[in-house]
S.K.: 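Let me give you the structure first, and then I'll get to my questions.
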Amino acid sequence: MSGTREQVFPTRMTLGLMKTKLKGANQGYSLLKRKSEALTKRFRDITKRIDDAKQKMGRVMQTAAFSLAEVSYATGENIGYQVQESVYNARFKVKARQENVSGVYLPQFEAYIDSSINDFKLTGLGRGGQQVQRAKEIYSKAVETLVELASLQTAFIILDEVIKVTNRRVNAIEHVIIPRTENTIAYINSELDELDREEFYRLKKVQEKKQIETARIDEEMKQAKLAEQNGNNDTDLGDEKLSSEQNSETQGVAATPKGSPSADLIQEQEDDVIF
Amino acid sequence: MEGVYFNIDNGYIEGIVRGYRNGLLTGNQYINLTQCETLEDLKLQLSSTDYGNFLSSVPPESLTTSVIQEQASDKLYQEFNYIRDQSSGITKTFLDYITYGYMIDNVALMITGTIHDRDKAEILPRCHPLGWFDTLPTLTVATDLESLYETVLVDTPLAPYFRDCFNRADELDDLNIEIIRNKLYKAYLQDFYNFVSRKTDEPAREIMQTLLGFEADRRSINISLNSLQSADIDPELKGELMPDLGQLYPVATSQLAQASEFEAVSAAVNSVYEYRGILESGNLEDHLYKLEMELCRDAFTQQFTVSTIWSWMKSKEQEVRNITWIAECIAQNQRERINNYISVY
Amino acid sequence: MSEKRTLLAAITDEDTTTGLLLAGVGQITPETEDKNFFVFQDGKTTKEQIAQAFDKFTSERDDIAILLINQHIAELIRSHVDNFTNAFPAILEIPSKDHPYDPEKDSVLKRVRRLFGE
């Protein structure tokens, strides 16, 4: 688990940073998740409509193709070439409008017919003009259906892309960023705990060392006192001892310059040593 | 009496044409065709008719309505060319006159292609085979009507028609082409009419006058109706496009030229007994085809006349349209409209 | 970027082209004589020509919003169509007279199905 944590120094400040980061990630995750859900809902809706529209297109185009059959029945010839050569300007154009779905701009094509342009005014003048007119209307309708379908399809492609990206982000946050941040936090915590324990142990050790030292000094002081009392009684006995005792005493006083509490402590321990 | 001499030159041709006429699909055969489920069935049904195995070289997967139409038309062209090869004298001229109509379409097509700098090889296959003439491919050299006329068209039979239709040396454009086409057609119909009036005997004369008159009326009605929406064709121009013959001429024709709304067109058309009510219900084109076919059918009741060739030709064209229509309905699954064909035999 | 795209383009067979042009989608750019439609002729048009037209409408021209293509033609250059995943221009496969629409082949619908794991 420790492999997926970030490379940081385990300090309290980093811990704070990481906690903020985790909070942000969680918030981002829930927001993105909601966005993705909204988009997916829309997406499914569009997909269904595309399916319907495509079926509809099949029917519409068939009707349209049939109107062309009527034209060729009426004119008795193929007007295709004539039509191709009469083309100059598009009468039928599209305008793109944009629709905002959860922050994604989806284009909507709108059919736009410039009625001032008519390239086929006289097509079929001598024969079949009405069929041509009818075919024109039917095909205009058919192309409108196609435009509608194209909007849906473009929306589909864009949404598909956006949903993929969003889902990638959601997944990244859910499965990478959040666990990693959590791991980092755990790591920092464990490191900090470790430091605490070390610190505590160190303090204990120092204290222990100190106690041993104090005990020794106490012992010496006691010895010195005893020697003094004995010296009053028996001066020969403690000459050498006295001189070394005086040295240690000065040392002990230097090591514990604090006032009476330590003296009390010493007093208490004195008893222990006596017994 | 003239019947005796008729057979010297045309007996064989008339025999052939009447044979062809008997090969035209009958009402029963059409009913059989409409029962077909697929184009393959249709092909099978057609093979028991005069069409025989005209589709046998087409593999089933590429059998489409356009292929059927193409092949059926090809058969028509072959038959027509056979008759033309057998003809002589007035009859030959008469047959040539029939092809002029297709030539006009071809010339219009070539001019369209020329304006847009299209490749000749691209346009030529689209030309109508019956309207083919030797200098057709050279039409593309022209850039304006004047030079077109002087370099190429002057050698074709269409030359006299062209002479009348460009008093203004306009630059060619798409609007003009449609107008030129209709002007040419008008001149052609009138010339044809004069030809049959002067050169042919009864009963061919009378029958052809009726048939050509009908063709003229059809064009006049269509032009008037189809130009209602386009404001840049004034009544005077419309008058120039409408042939000066037929039952509508002169009173109804001038009314049609003046007409600026549907009611006026309808009133003008209704003034002629034969055409009464054709704009009221159904499809104009269907009514007209029906009338044409009835005229053609009646034309066969007369003997010793070249008009049977025209009648057969028109009937056959209608037949190809009918077959195409039925095939289209089958292929596109529009069975409710399948009975829209026109059968008079 | 989509404001400039106002035209429809077509890679279609003759009949479909005629219909679409009648509806008024056709435009010939005055300066370049460039058409926004490409007529497919059965037996004559090669795959390379279709692919070229496809690339032209999808990549080179920036005024095309929707590209209409007959499904049976798209079928010929399927890999091209499948690989084109941009949002613009929108590619729409449409039926033709002789080839009814088959949803199974549609590049976009195939993506729909894949997404829903069908």
Side-chain angles (χ1 to χ4, degrees), chain A residues 54-92 113-142 145, chain B residues 65-66 69 73 102 105 108-109 111-113 115-116 118 122-123 126-128 173-179 181-182 185-186 218-220 222-233 241 283-286 288-289 317-318 320-322 324-325 327-329 331-334 337 340-342:
Chain A
K54 290 243 170 184
Q55 306 296 336
K56 186 180 162 202
M57 171 189 77
R59 288 196 303 276
V60 168
M61 288 304 285
Q62 200 174 35
T63 322
F66 198 68
S67 75
L68 212 55
E70 282 178 6
V71 170
S72 71
Y73 178 75
T75 56
E77 57 182 311
N78 197 346
I79 61 162
Y81 190 76
Q82 207 186 332
V83 168
Q84 276 175 45
E85 293 304 330
S86 313
V87 169
Y88 276 118
N89 268 311
R91 186 174 79 99
F92 199 111
I113 295 176
D114 185 346
S115 46
S116 66
I117 298 172
N118 189 351
D119 286 339
F120 314 106
K121 260 182 242 165
L122 293 178
T123 309
L125 178 64
R127 225 182 201 198
Q130 276 152 315
Q131 278 76 9
V132 172
Q133 196 61 37
R134 237 172 72 81
K136 229 152 89 175
E137 282 161 19
I138 293 179
Y139 262 101
S140 298
K141 292 235 168 64
T145 316
Chain B
T65 49
S66 41
Q69 184 182 25
S73 306
Y102 304 106
D105 283 342
L109 193 63
I111 297 176
T112 317
I115 298 173
H116 297 282
R118 288 289 163 269
E122 197 185 314
I123 314 170
R126 294 168 187 272
C127 288
H128 200 288
D173 68 41
D174 295 285
L175 188 70
N176 274 337
I177 282 174
E178 209 48 41
I179 286 170
R181 187 212 290 269
N182 283 289
Y185 219 89
K186 173 188 175 172
R218 185 207 331 244
R219 294 197 79 82
S220 299
N222 259 317
I223 289 171
S224 153
L225 211 52
N226 294 332
S227 58
L228 287 180
Q229 269 102 28
S230 32
D232 32 56
I233 302 182
L241 302 178
N283 203 323
L284 170 70
E285 222 62 47
D286 286 347
L288 289 174
Y289 278 141
E317 280 186 343
Q318 179 63 36
V320 172
R321 276 197 295 270
N322 284 343
T324 314
W325 176 258
E328 202 80 70
C329 288
Q332 298 192 32
N333 216 359
Q334 298 270 349
R337 306 280 306 276
N340 227 12
Y341 60 88
I342 289 165

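Naming: A, B, ... by sequence-line order, numbering from 1 per chain. Since we're looking at a predicted model, the values are computed, not measured.
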S.K.: Does the A:Q62 side chain pair with the main chain of B:Q332, one donor and one acceptor, at a distance under 3.5 Å?
M.R.: yes
S.K.: Is chain A contacted by the side chain of B:L225, its backbone, both, or neither, given a heavy-atom distance below 4.5 Å?
M.R.: side chain
S.K.: Checking heavy atoms, do the side chain of B:N340, its backbone, both or neither come under 4.5 Å from chain A?
M.R.: backbone
S.K.: Assess B:R219 against B:Y185: is NZ or CZ under 6.0 Å from the centre of the six-membered ring, and within 45 degrees of the ring's axis?
M.R.: yes
S.K.: Please flag which part of B:E317 lies under 4.5 Å from any non-hydrogen atom of chain A: side chain, backbone, both or neither.
M.R.: neither
S.K.: Spell out, as yes or no, whether a donor-acceptor pair under 3.5 Å connects the side chain of B:T324 to the backbone of B:V320.
M.R.: yes
S.K.: Can you label the angle between the A:Y73 ring and the B:Y289 ring as parallel, tilted or perpendicular, going by 30° and 60°?
M.R.: perpendicular
S.K.: With only heavy atoms counted, which part of B:L241 is less than 4.5 Å from chain A, the side chain, the backbone, both or neither?
M.R.: side chain
S.K.: Does any backbone or side-chain atom of A:Q131 lie under 4.5 Å from a heavy atom of chain B? Answer side chain, backbone, both or neither.
M.R.: side chain
S.K.: Would you compute the distance between atom CZ of A:F66 and atom CE of A:M61 and round it to the nearest 0.5 angstrom?
M.R.: 15.0 Å
